[in-house]
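Everything numeric in this text was worked out from a predicted model, so none of it was measured. Atoms within each ligand, like the ligands themselves, are counted from 1 in listed order.
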Amino acid sequence: MTDVVIPSFIDGHAVHGSGARFETFNPATGQVIAGVHDCTQADVDAAVAAAQRGFAVWSALTGTERGRILQRAVQILRERNDELAALEVQDTGKPWQEAQVVDVASGADCIEYFAGAAATLAGAQYPLKNAFAYTRREPLGVCVGIGAWNYPIQIACWKSGPALAAGNAMIFKPSELTPMTALKLAEVYLEAGVPPGVFQVLQGRGTTGALLAAHPDVAKVSVTGSVPTGKRVMASAADTLKRVTMELGGKSPLVVFEDADFEQAVTAAMMANFYTQGEICTNGTRVFVQRSILPRFIARLKERTALLRVGDPMHPDTEVGALISAAHRDKVMGYIQIGQDDGATLVCGGHTVAVPGMEGGYFVAPTIFADCTDPMRIVQEEIFGPVMSILAFDDEAEVLRRANDTRFGLAAGVFTRDSARGHRMAAGLKAGICWINNYNITPIEMPFGGARESGIGHENSMVALEHYTQLKTVYVELGQVACGYR
Ligand SMILES: NC(=O)c1ccc[n+]([C@@H]2O[C@H](COP(=O)([O-])OP(=O)(O)OC[C@H]3O[C@@H](n4cnc5c(N)ncnc54)[C@H](O)[C@@H]3O)[C@@H](O)[C@H]2O)c1
Ligand SMILES: O=S(=O)(O)c1ccc(CO)cc1
């Protein structure tokens with residue numbers, strides 16, 4: 001057992017939760033990185049009280065003052081990019097070549113965007129008869145963020161950036177599988193000048209998240225996680241009518257028409273399934289390919305997928321790292337078996353990978369199934385690993401109907417050179433985000449959120465600020481109180 005313990009961060013101090021200890025592992029080696037303690041009700045109460053104190057100070061600043069402090073946090077994050085990215089690799093198993101340019105950088109971009117927006121928060125004015133009304137956009141108070149393990153620091157930034165810019169305090173609970181970088185973000189905010197209590201990190205498993213979601217003094221909960229967790233949190237938030245934002249799972253379609261730029265579509269299908277070992281919620285895991293180009297498409301995918309380098313995530317050439325845990329590897333391998341049992345054709349992959357010197361790691365080869373049919377479990381259920389299912393289609397109406405035949409509705413993609421068809425498909429697809437001729441592009445300027453069971457509300461863009469503020473309407477009388485009373 002290691003002596004290293006990753007703490008929580010309450011009221012400006014690193015402290016250990018008062019609950020049970022569990023361990024966090026390096027997915028590439030299977031070795032323990034550190035111990036972590038669950039936060040209990042007492043820890044949650046202490047954090048909420050500190051958040052209320054922090055909120056009083058922070059919400060009294062002007063947007064310009066908050067923005068200035070947040071800009072300092074951005075600068076520190078960028079200065080510490082490589083150190084934080086290396087921690088992210090150690091915690092998640094994802095390749096360094098991704099973490100070094102995406103994870104911390106996209107988090108910093110997010111905080112930068114909302115730091116700039118903080119001073120622009122304003123209401124509207126409504127001229128009335130002998131009166132006028134105006135609205136104020138006010139912060140909600142103490143908000144809770146609950147994170148998944150695939151993009152730990154990005155998720156912490158996507159939630160805290162708009163929350164703090166709007167004047168709220170946030171208590172963030174990272175996934176128990178990736179406790180490290182949210183803690184570093186708390187240190188960065190404090191160093192930048194964010195008052196103690198305004199951004200806190202409570203470590204712990206689902207029970208800690210449930211305590212936060214149920215707390216009566218929490219105004220809002222934003223969860224990134226699976227659909228079942230989202231449903232549980234929403235049920236518990238209903239008791240005190242908390243606001244919720246839900247960024248949940250998906251089984252998104254990527255539709256490739258015969259007139260698409262062929263090579264671009266192959267590239268997108270690979271990126272949409274193998275980036276971050278396939279552990280991306282928006283992944284286009286149901287790849288619908290028009291029958292006329294199907295054999296060529298599968299052959300080219302197979303050829304290029306064979307070139308992907310699975311290995312030590314810290315090696316700069318590695319393109320596919322390790323899955324998050326042994327349990328998740330087993331789940332993914334279980335789905336690969338189910339795919340074969342259900343009659344799909346294994347085109348490539350389908351096995352674990354023993355990386356020399358990292359035999360305890362949770363590596364799975366990028367896997368492609370062809371001859372998939374809609375009812376197959378690998379086509380219906382979220383696998384959240386490097387497993388692509390290819391389905392043939394004949395015409396637009398048919399593929400639209402089949403693409404929409406799911407309870408999820410996170411994302412969708414269309415590849416075609418016919419722009420009218422691209423827009424028609426985007427209008428018809430039941431998804432929160434549709435990409436035309438690209439996939440998984442999530443710039444901070446663009447709203448991000450799911451439809452159907454994939455989510456409620458949005459992150460990123462100015463829309464996110466609406467989810468971290470409430471509107472107050474003020475009526476101002478300029479005349480007399482109208483009254484028929486004597
Ligand atoms: N839509 C998005 O933006 C997005 C992004 C990344 C991941 N995801 C989804 O997340 C899932 C994978 O992540 P995961 O395995 O960490 O998900 P998960 O649902 O198991 O856990 C997510 C978080 O919720 C916490 N939690 C668990 N039970 C809870 C409860 N009862 N109350 C409060 N909190 C609770 C966990 O401790 C963790 O921090 C996939 O379904 C993926 O699609 C969605
Ligand atoms: O946070 S996620 O929604 O899983 C996500 C989507 C796309 C990308 C690509 O940058 C990263 C994370």
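Closest to atom 40 (C) of ligand 1 among all protein heavy atoms lies Glu382 OE1, 3.4 Å.
A salt bridge is defined here as a Lys NZ or Arg NE, NH1 or NH2 lying under 4.0 Å from an Asp or Glu carboxylate O, and Glu263 with Arg300 meets this definition. Between Glu382 and Lys251, none of the side-chain N atoms (NZ, or NE/NH1/NH2) sits under 4.0 Å from a carboxylate O, so this pair counts as no salt bridge.
Residue contacts with ligand 1 include Phe448, since one of its heavy atoms falls under 4.0 Å from the ligand. Proximity of Gly450 to ligand 1 is not established, as no heavy-atom distance is less than 4.0 Å. Phe448 counts as a contact of ligand 2, since one of its heavy atoms falls under 4.0 Å from the ligand. In this structure, Gly147 is part of the shell of residues with a heavy atom less than 4.0 angstrom from ligand 1. Ligand 2 lies out of reach of Glu279, whose nearest heavy atom is not under 4.0 Å from it.
At a 3.5 angstrom cut-off on N or O pairs, Thr224 does not count as close to ligand 1. Taking distance alone, with nitrogen or oxygen atoms compared against 3.5 Å, Tyr151 stays at or beyond that limit from ligand 2.
The ligand atoms of ligand 2 that sit less than 4.0 angstrom from a heavy atom of Gln154 are 1 (O), 12 (C). Numbered from 1 in the order shown, with element, the atoms of ligand 2 that lie under 4.0 Å from a heavy atom of Asn150 read 4 (O). Interface atoms of ligand 1 facing Ser175, defined by a heavy-atom separation under 4.0 Å, are 39 (O). Each of the following atoms of ligand 1 lies closer than 4.0 Å to a heavy atom of Ala210: 32 (N), 33 (C). For ligand 1 and Val233, the ligand atoms under 4.0 Å from any heavy atom of the residue are 32 (N), 33 (C).
Using a 4.0 Å cut-off between heavy atoms, Leu410 contacts ligand 1 through its side chain alone, with no backbone atom that close. When non-hydrogen atoms are compared, ligand 1 lies under 4.0 Å from the backbone of Ser226 as well as from its side chain.
Side-chain atoms of Thr267 and Arg304 form a donor-acceptor pair, as typed in the model, at a separation below 3.5 Å. Of the N and O atoms on the side chains of Asp312 and Thr318, not one donor lies less than 3.5 Å from an acceptor on the other residue. For Asp109 and Ser106, the side-chain atoms include no donor-acceptor pair closer than 3.5 Å.
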Which side-chain N or O atoms in residues 175-187 pair as donor and acceptor under 3.5 Å with protein atoms at least two apart or in another chain?
unit_1, atom_1, unit_2, atom_2, d
Ser175, OG, Leu177, N, 3.0
Thr181, OG1, Glu88, OE1, 2.8
Thr181, OG1, Glu88, OE2, 3.4

Compile the donor-acceptor pairs under 3.5 Å between side chains in residues 158-173 and protein atoms, sequence neighbours left out, one pair per line.
unit_1, atom_1, unit_2, atom_2, d
Lys159, NZ, Ser222, OG, 2.9
Lys159, NZ, Thr224, OG1, 2.8
Lys159, NZ, Glu459, OE2, 2.8
Ser160, OG, Ala156, O, 2.7
Ser160, OG, Tyr189, OH, 2.7
Asn168, OD1, Leu140, N, 2.6
Asn168, OD1, Gly141, N, 3.0
Asn168, ND2, Ala163, O, 3.0
Asn168, ND2, Tyr468, O, 2.9
Lys173, NZ, Gly204, O, 2.7

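The cationic atom of Lys331 (NZ for Lys, CZ for Arg) does not lie both less than 6.0 Å from the six-membered ring centre of Phe384 and within 45° of the ring axis.
The side chain to side chain donor-acceptor pair (under 3.5 Å) with Asp374 is formed by just one residue from the set Arg286, Arg402, Gln380; it is Arg402.
Comparing heavy-atom distances from atom 8 (N) of ligand 1 across Cys281, Gly455, Ala327 singles out Cys281 as nearest. Here the shortest heavy-atom distance to atom 3 (O) of ligand 1, taken over Glu459, Glu247, Lys173, belongs to Glu247. Proximity annotation for atom 44 (C) of ligand 1: of Ile383, Leu248, Thr229, Thr442, Leu248 comes nearest, heavy atoms only. When the heavy-atom distances from atom 3 (O) of ligand 2 to Ser106, Cys281, Pro443 are ranked, the shortest goes to Cys281.
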